[in-house]
Amino acid sequence: MVQDPNRSSFGLEPNVAAGLASLFWWVGGLVILLGKPPQQWVRFVAVQAIVLSVALAIVGIVIQIIDALLFAIHMWPIVAIIGIVWLVVWVAGVVLWLIATIQAFQGKAYRMPFLAQYADRFVPASASL
């Protein structure tokens with residue numbers, strides 16, 4: 001049986017593979033990426049999903065450490081402000097994820113501000129997407 005070159009290695013249409021990569025954050029991105037999709041934009045969407053997940057995790061860890069240190073020295077008003085900052089960052093990340101997922105299911109590669117340049121490092125020549 002010969003595989004259709006327009007489909008991913010899982011037999012999915014490219015837009016479905018990209019949508020699933022984005023929908024399931026880093027897990028979906030990793031699974032689709034390991035399936036070696038032939039379409040460059042699907043690889044880009046998968047890598048970008050991983051980059052978004054890692055970025056949110058790193059920002060969350062840094063904010064939690066700062067929060068714990070400020071809590072230990074009794075700076076509670078600043079702790080509350082940092083909590084609000086984390087909420088804003090998280091909501092922005094979820095909005096970016098939602099936009100990227102919808103675009104991927106529609107067959108388009110959405111380039112997230114600030115994060116797409118990191119995905120470009122892993123998927124060569126994706127800056128033209």
Side-chain angles (χ1 to χ4, degrees):
M1 182 167 138
V2 176
Q3 182 180 0
D4 182 0
N6 296 324
R7 292 180 177 255
S8 72
S9 57
F10 297 111
L12 300 171
E13 292 293 328
N15 64 320
V16 174
L20 291 174
S22 183
L23 181 65
F24 293 109
W25 295 78
W26 69 270
V27 175
L30 188 61
V31 168
I32 296 299
L33 200 57
L34 291 176
K36 298 182 181 172
Q39 299 83 8
Q40 179 179 351
W41 75 273
V42 174
R43 289 192 303 270
F44 173 77
V45 169
V47 169
Q48 190 170 241
I50 295 168
V51 168
L52 174 64
S53 301
V54 169
L56 283 176
I58 289 171
V59 169
I61 290 169
V62 168
I63 286 177
Q64 291 298 318
I65 290 170
I66 293 170
D67 215 26
L69 292 173
L70 291 172
F71 185 81
I73 60 173
H74 306 290
M75 301 289 288
W76 294 304
I78 298 174
V79 170
I81 292 170
I82 290 177
I84 293 169
V85 167
W86 171 239
L87 179 64
V88 169
V89 168
W90 178 251
V91 168
V94 170
V95 167
L96 281 174
W97 163 78
L98 188 58
I99 291 169
T101 302
I102 291 168
Q103 292 286 318
F105 275 117
Q106 292 176 349
K108 304 171 191 166
Y110 174 72
R111 295 183 57 82
M112 293 182 194
F114 306 109
L115 299 177
Q117 64 185 349
Y118 294 105
D120 290 338
R121 294 179 182 178
F122 299 102
V123 182
S126 63
S128 63
L129 297 176

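Computed from a predicted model, the values in this text were never measured in an experiment. Below, all heavy atoms of this structure are taken into account, side chains as well, without hydrogens, waters or symmetry copies.
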Intermediate values then yes/no, side-chain contact (heavy atoms from CB on, under 4.5 Å), M112 and F114:
CA-CA 6 Å; M112 293 182 194; F114 306 109; over 6 Å; no
Determine, stepwise, if the pair W26 / L33 fulfils side-chain contact (heavy atoms from CB on, under 4.5 Å).
CA-CA 10 Å; W26 69 270; L33 200 57; over 6 Å; no
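Within a 6.0 Å sphere centred on CZ of F122, heavy atoms belonging to other residues, nucleotides or ligands number 12 at most.
Looking at residues two or more places apart in sequence or on another chain, you find a side chain to side chain contact (heavy atoms under 4.5 Å, CB included) between Y118 and V51, R121. A search for side chain to side chain contact (heavy atoms under 4.5 Å, CB included) contacts involving Q64 returns nothing, not counting sequence neighbours. Take A21 and apply the side chain to side chain contact (heavy atoms under 4.5 Å, CB included) test, not counting sequence neighbours, and it matches I32, A46. Here I61 pairs with I65 under the side chain to side chain contact (heavy atoms under 4.5 Å, CB included) rule; sequence neighbours left out.
Here the rule is side-chain contact (heavy atoms from CB on, under 4.5 Å) with L52, and of V54, I50, L56 only L56 fits it.
A pairwise comparison of heavy atoms in N15 and W41 identifies CA-CH2, 3.7 Å as the closest pair. When all heavy atoms of P14 and V42 are compared, the pair lying nearest together is O-CG2, 3.5 Å. Of all heavy-atom pairs spanning L115 and A55, the tightest one is CD2-CB, 3.9 Å.
The hydrophobic cluster containing L69 does not contain I66, counting ILVMFWY residues as joined when their side-chain heavy atoms lie under 4.5 angstrom apart, directly or transitively. In the hydrophobic cluster analysis, where Ile, Leu, Val, Met, Phe, Trp and Tyr join through side-chain heavy atoms closer than 4.5 angstrom, I58 is grouped together with V27.
Taking CD of E13 as the start and CD of Q39 as the end, the distance is 9.0 Å to the nearest 0.5 Å. Once rounded to the nearest 0.5 Å, the distance linking CD of Q48 with CZ of R43 reads 14.5 Å. One distance of note links CZ of F44 with CG of D120; it measures 5.5 Å at 0.5 Å rounding. In this structure, D67 CG and M75 CE are separated by 12.0 Å, a value rounded to the nearest 0.5 Å.
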Please list, one pair per line, the donor and acceptor atoms closer than 3.5 Å that link side chains of residues 78-100 to other protein atoms, with sequence neighbours excluded.
residue, atom, partner, partner atom, Å
W97, NE1, S22, O, 2.8
W97, NE1, L23, O, 3.4
W97, NE1, T101, OG1, 3.4

